[in-house]
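All residue numbers in this chain count up from 1 along the given sequence. As the structure is a prediction and not an experimental result, all values here were calculated from the model.
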Amino acid sequence: MLICILLLSSCSPKQTGTQFVKVNGTGFSEGNQPYTIKSISVSTDETFIPSERDYQTIRELGFNAVRLHLDYKLFEDDAQPYRYLQKGWDLLEQHISYAKENDIKILFNMHVPQGGYQSGGKGTALWTEPENQDRLAELWGAIAKKYADETAVLGYGLVNEPFPCAPDAKTGQKQWSDLAGKLAERIRDVDQNHILFAEVASGITDDKGNPQNVVFTAAEHYGYPELEDANVAYEFHMYHPYAFTHQVTADTGTSNKPYTTYPNEFITASENQKYVEDAYRGGSLDVSNPQEQTITSELISLDGSKPRFFQTGIAVISEQVGGNVWLTSLRVDEYDQNRNLVRNVLKLDMDTPETFLIWTGGDAAYSDYDTANRAVHLQSLYSMSAVLNEASVPVKKGNFYQVQAAVRASGFGPGSEIRPFINVYECDSYKVLNKNYLSSQIDMRLQFGLVFGKAMFLGEFGAAEVTYSPERGGQQWIQDMRSLAEEKGLSYNYFAYNDGYFDIDQSRWNESGGGQ
């Protein structure tokens, strides 16, 4: 009999803690013990069928939670609202069963609510059609009622990356507060136990889904919804800088800008930035010569009383329409006070697609990447066009800088000029892209927790798999982000286990810093 009892005991599934994780001040606790959420995102895409081994792997990697991405269509057909599909409940039960077996908690995140996926300004119908909000509230109510007493459930992420459809930041924040309040009230009708995760609004959009350029200030609660519930955590996502973490994440995503490496010395943030001057000093292309030529600027000192930085490219000055330019390389070299070469600070050989920003004083110019010629092709240039690479190069006081570009052109007559271009700015201070910058970005967001008295949750961080190559430094970015979260005692979620572009590098995750 004793042998049978021992056998039953050894074969019984592992159980997550028997107490609920709660918000405790600006952190979390389970019972009387501090609790740090170390989560990873898992998609409920129907092409992915979870297995026991997946959850074993997640646990072996050191995670204690899964942020499970829900799509309302798993539960509800638009043609039959409020009638819930069994397949959705079956899938949740499967995940919870595997979670319990591996001592993992589940954070349900509404990744696609009724009205549509929100990220980037999509899904405006969530905000413009009240029925979608009613359906979302009822779905959350049904989920919360089913799992109200389940300690394996960590909590409910109300809406992923909400993007209100509003004319201004104040109205947008109120829309999000009203919806979050509606969802919270419905959940609390049936569940007093679990944490509500309320994200900062990602921005606002017009009714056509076009994001608007706004900043949520203190007057707009910094974009967070105003919820009085004591068991609420505020959530933010961290993909800074976006051009690095999201490079080449789709077939059309061909951004390979020089600041898409990490760490680097290009400026990624500046305080009180101010335009100073454009500098055109240097040789001009012979427009009568159709062959590729190298044009070189003078050695230019860009000193000022404040910190300075510059962007560079080529300038086209012409009174004609229809000119074409092919830019095949661009480099910037730095020289010391004695005009001795110090280093190369920027080098683009155009072997891979490179994106340039074009400003034109006349008709719109057009730019694409010419694969056959391995060049940036610029068309329909007219009047004054500044063709800029967006890397911001810090100026070292007393030193000189020189720009060199390989260019060929056609369709330009006498009097047209094509020459190196430098766009100079000054600021009170700046940060370059390194671990200190990432730390400052996290600290800025953690301050909101202190201001509002809320627990803060880093709900997503990650980098596209293409960044993992050593020359791009994606693994270093992940290592620095993870170690910063660990050092600051910040609960976090890594994106993602099964995304496609952002899949975790399992072989290197435990090299990325932090304890388990």
Side-chain angles (χ1 to χ4, degrees), residues 241-244 246-262 264-266 282-297 310-318 322-334 343-360 364-382 385-393 401-412 416-423 464-474 501:
Y242 190 86
F244 172 74
H246 281 66
Q247 57 188 290
V248 199
T249 54
D251 292 341
T252 56
T254 54
S255 174
N256 284 276
K257 301 172 186 176
Y259 54 80
T260 52
T261 61
Y262 176 88
N264 65 50
E265 296 182 32
F266 299 116
S284 181
L285 191 77
D286 178 0
V287 295
S288 67
N289 181 355
Q291 303 301 312
E292 182 175 282
Q293 303 166 57
T294 298
I295 50 177
T296 306
S297 76
F310 66 93
Q311 297 173 337
T312 187
I314 58 173
V316 180
I317 304 171
S318 176
N324 291 268
V325 173
W326 288 266
L327 176 64
T328 56
S329 71
L330 180 74
R331 64 178 290 147
V332 177
D333 291 318
E334 182 179 5
R343 63 186 179 118
N344 170 254
V345 295
L346 175 65
K347 183 179 180 181
L348 304 173
D349 56 18
M350 309 303 175
D351 283 342
T352 54
E354 169 62 33
T355 302
F356 278 72
L357 173 70
I358 299 180
W359 178 88
T360 178
Y366 173 73
S367 169
D368 64 7
Y369 181 73
D370 185 335
T371 303
N373 291 292
R374 292 189 177 183
V376 174
H377 182 206
L378 312 163
Q379 290 181 288
S380 302
L381 299 177
Y382 168 77
S385 298
V387 185
L388 292 173
N389 179 266
E390 295 181 75
S392 295
V393 181
Y401 297 87
Q402 187 174 61
V403 181
Q404 187 178 90
V407 181
R408 68 181 177 90
S410 68
F412 293 96
S416 299
E417 295 183 15
I418 301 173
R419 59 176 68 237
F421 174 79
I422 288 177
N423 206 353
E465 189 175 1
V466 71
T467 69
Y468 291 175
S469 59
E471 65 271 17
R472 293 199 180 187
Y501 287 117

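- The heavy-atom pair separating N324 from H377 by the smallest distance is OD1-NE2, 2.9 Å.
- Applying the side-chain contact (heavy atoms from CB on, under 4.5 Å) test to D286 and every residue at least two apart in sequence or in another chain returns S288, N289, Q293.
- Across S284 and R419, no two heavy atoms sit closer than the pair CB-NH2, 3.7 Å.
- Here CH2 of W326 is found 7.5 Å from CG of D370. Values are rounded to the nearest 0.5 Å.
- Scanning both residues, S297 and P420, for their nearest heavy atoms gives N-CG, 3.7 Å.
- For T328, the side-chain contact (heavy atoms from CB on, under 4.5 Å) partners at least two apart in sequence or on another chain are E292, A375, A406.
- The side-chain contact (heavy atoms from CB on, under 4.5 Å) search around V345 returns V332, E334, R343, V393, not counting sequence neighbours.
- The CD1 atom of I295 lies 6.0 Å from the CD1 atom of I314; values are rounded to the nearest 0.5 Å.
- Interatomic distance, T312 OG1 to Y401 OH, rounded to the nearest 0.5 Å: 12.5 Å.
- Taken to the nearest 0.5 Å, the CD atom of Q402 stands 5.5 Å off from the OG1 atom of T296.
- Considering CG of N423 and CZ of F421, their distance stands at 4.0 Å, rounded to 0.5 Å.
- Looking at every heavy atom in both residues, V403 comes nearest to G313 through CG1-O, 4.4 Å.
- Within the 4.5 Å cutoff, no side-chain heavy atoms of T467 are placed close to those of Y262.
- For L327 against A405, the heavy-atom pair with the smallest separation is CD1-CB, 3.9 Å.
- Within the 4.5 Å cutoff, the side chain of D333 has no heavy atoms near those of the Q404 side chain.
- Taken from CZ in R374 to CG in D349, the straight-line distance is 8.5 Å, to the nearest 0.5 Å.
- Taking each heavy atom of G323 and F412 in turn, the nearest pair found is CA-CZ, 3.5 Å.
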